[in-house]
There are 2 protein chains.
Amino acid sequence: MTNAFVEKLRGFGPLSEQDDAALQAATTRARNYPRKHDLIREGDRPGPVFVMLKGWACRYKILPNGTRQVMAFMMPGDCCDLHINVLAYMDHGIQTITQATVATISHEEMTGMFDDHPKIAKAMYISQLVDEGTLRAWIVSMGRRSSIERVAHLMCELYLRARNVTACEEEQLVLPVTQALLADALGMTPVHINRVIKTLREAGAMMLSRGSLQIADPGKLVNIAGFDENYLHRRMRSVSA
Amino acid sequence: MTNAFVEKLRGFGPLSEQDDAALQAATTRARNYPRKHDLIREGDRPGPVFVMLKGWACRYKILPNGTRQVMAFMMPGDCCDLHINVLAYMDHGIQTITQATVATISHEEMTGMFDDHPKIAKAMYISQLVDEGTLRAWIVSMGRRSSIERVAHLMCELYLRARNVTACEEEQLVLPVTQALLADALGMTPVHINRVIKTLREAGAMMLSRGSLQIADPGKLVNIAGFDENYLHRRMRSVSA
DNA sequence: CGCTGGATTGACTCGGATCAAGTCGAGTGG
DNA sequence: CCACTCGACTTGATCCGAGTCAATCCAGCG
């Protein structure tokens, strides 16, 4: 039984049985964390690479005025920067959103795996570039989309990403996010998030309640969001490098 | 005489003479481009890695409604993602802001250099992580800073980054950006950018006119911006990996 | 010269923030 | 089984930062 990380990387390119085994071996040493637990804080010295196996986490930064900005959601299969160890300190924190199972891969293990398994390396590079593209898409949302578009866009993204790693019935999906968290992620206030969600519900596009997202009308939602899934790079390069 | 790229990477860690020479050799094949020229467009198949030697460029994306969001400024010494070739298509474009000299490094050259010069590889990874941190800082700005703070923050960032690669007298610096471009970068309107710049000028913090930035009162500007240079990772890790 | 791209300023509007009360549901303990 | 609490969600009233629209200005330049 392969874990979410292996599953995700497989999606970026075929892996041999040996590759699978190596990945699996590297992610067996996992720990459980409660919700709202800091895996690493801003200013900390980076350690091993984190790999989410179960549960969600987010990258965030607290500003001097006390407000918080969430810059990324991490779900099962996601991992933090491969070369994180070359930096002297973290410029942001990573905190669990739900209870979570997280594996760590040491720097040595990582380099070893890269040397011995080029296909793993390539899949990880793709994964990292997708994460970067996601950051850019986030900037686009914050800069040029209205609040309704922003919320719809994020929902589209999370839906697509989550569906890649968790089986889910129809257009229904478990989204373990509070409205306050969404506000921190989208640069809005919880109050306004609430109103926007209401609008989207009344428009018949989607419903979000008690940690569960239901896409009522995918076409309508995508349309509102102006969503273009390109940046998630799910369509792969045909000719391998 | 070494170019801006070599200079910048040196700042991330000591390089041997051989490293220097290899970098220099890889970036001799350079071309000139006029301003407002697309080096690569959204949807294009990624080619070689771009390295800015002279002039500025930006990463951008045009939305369906015609508005534009700039997601990064590239100045001499900056380069685009190392592993860009593993993706099937670009999810954003890169366009010159000024007339520019740009070198390209092929994928083969890149891998060769990584294998033969581990110090170069490390410096490039740091550089890439800094770029990523910059993207996150951008998100923080868009999400949680007021327009005045945003403008001040960007000016602080550009000033620090530019001072690393170009010698400049005092707190004076050439910033080849129009107010419209700043608007596209900061998610505001040109009109409002103009008013904010006026406010900052009247506050005695900085002056920006005709492509030249003058920091009148660095302390004041940093204070307004809530600027924390951590994310640029100029303080290096003492113990090498 | 007059043209053009950029900068500037004013008047008005509006999206989202802010402030302030609730409501609802899942515990939890008596 | 009910009262209490607490975190999350809702809703209304009001305010303000930034957008919009529309002139005008200005410098460089063919």
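All heavy atoms count here, side chains included; hydrogens, waters and symmetry mates do not. Just so it is clear: chains get the letters A, B, ... in the order the sequence lines come, proteins before strands, and each one is counted from 1.
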Expressed in angstrom and rounded to an integer, what is the separation of [X] atom [atom1] from [N] atom [atom2]?
X	N	atom1	atom2	value
Met188(A)	dG17(D)	CE	C1'	16 Å
His192(A)	dC14(C)	NE2	C1'	11 Å
Met142(B)	dA18(D)	CE	P	11 Å
Ile193(A)	dA8(D)	CD1	P	15 Å
Glu149(A)	dG16(C)	CD	C1'	14 Å
Met207(A)	dC9(D)	CE	P	16 Å
Leu182(A)	dA8(D)	CG	P	13 Å
Leu186(B)	dG19(D)	CG	P	10 Å

Next on the checklist: Using a strict threshold of under 4.0 Å (side-chain N to carboxylate O), is an ion pair present between Asp91(B) and Lys61(B)?
Outcome noted: no
Checklist outcome for this item: Testing dT18(C), dG16(C), dT20(D) for proximity to the side chain of Ser147(A), the answer is dG16(C)
Next on the checklist: I need the residues from residues 68-75 of chain A with at least one non-hydrogen atom less than 4.0 Å from DNA chain D; give them sorted by number, or say none.
Outcome noted: none
Checklist entry - Can you name the residues that form a side-chain contact (heavy atoms from CB on, under 4.5 Å) with Gln179(A), not counting sequence neighbours? => result Ile193(A), Asn194(A), Ile197(A)
Checklist entry - So how far off straight is the helix from dC1(C)-dG30(D) to dG30(C)-dC1(D), going by the axes through five pairs at either end, to 10°? => result 30°
Checklist entry - Counting only heavy atoms not in Gln99(A), do more than 12 sit closer than 6.0 Å to its CD atom? => result no
Checklist entry - Under 3.5 Å, side chain of Thr104(A) to main-chain N/O of Val49(A), donor-acceptor pair present? => result no
Next on the checklist: Considering only residues two or more places apart or on different chains, which pairs with a residue in residues 30-57 of chain A satisfy ring-ring contact (aromatic ring centres under 6.0 Å, His included)?
Outcome noted: Tyr33(A)-His37(A)
Next on the checklist: Pair Asp228(A), Glu42(B) - check side chain to side chain contact (heavy atoms under 4.5 Å, CB included), show working.
Outcome noted: CA-CA 12 Å; Asp228(A) 171 4; Glu42(B) 180 178 351; 4.0 Å; yes
Checklist entry - For the residue pair Phe73(A) and Trp138(A), does the interplanar ring angle fall in the parallel (under 30°), tilted (30 to 60°) or perpendicular (over 60°) class? => result tilted
Next on the checklist: Looking only at the side chains, is there a donor atom on one of Gln128(A) and Glu132(B) sitting less than 3.5 Å from an acceptor on the other?
Outcome noted: yes
Checklist entry - How does each nucleotide of nucleotides 4-13 of chain C score, in 5' to 3' order, for protein heavy atoms under 4.0 Å: base (B), sugar-phosphate only (S), or none (-)? => result --SSBBBB--
Item to check | Set of salt bridge (charged side-chain N to carboxylate O under 4.0 Å, His left out) partners for Arg201(A), sequence neighbours left out | outcome: none
Item to check | Chi angles and distances behind the side chain to side chain contact (heavy atoms under 4.5 Å, CB included) call for Leu9(B), Ser127(B) | outcome: CA-CA 7 Å; Leu9(B) 289 186; Ser127(B) 166; 4.2 Å; yes
Next on the checklist: side chain to side chain contact (heavy atoms under 4.5 Å, CB included) for Leu63(B) and Val140(A)? Distances and angles first, verdict last.
Outcome noted: CA-CA 9 Å; Leu63(B) 279 90; Val140(A) 172; 3.6 Å; yes
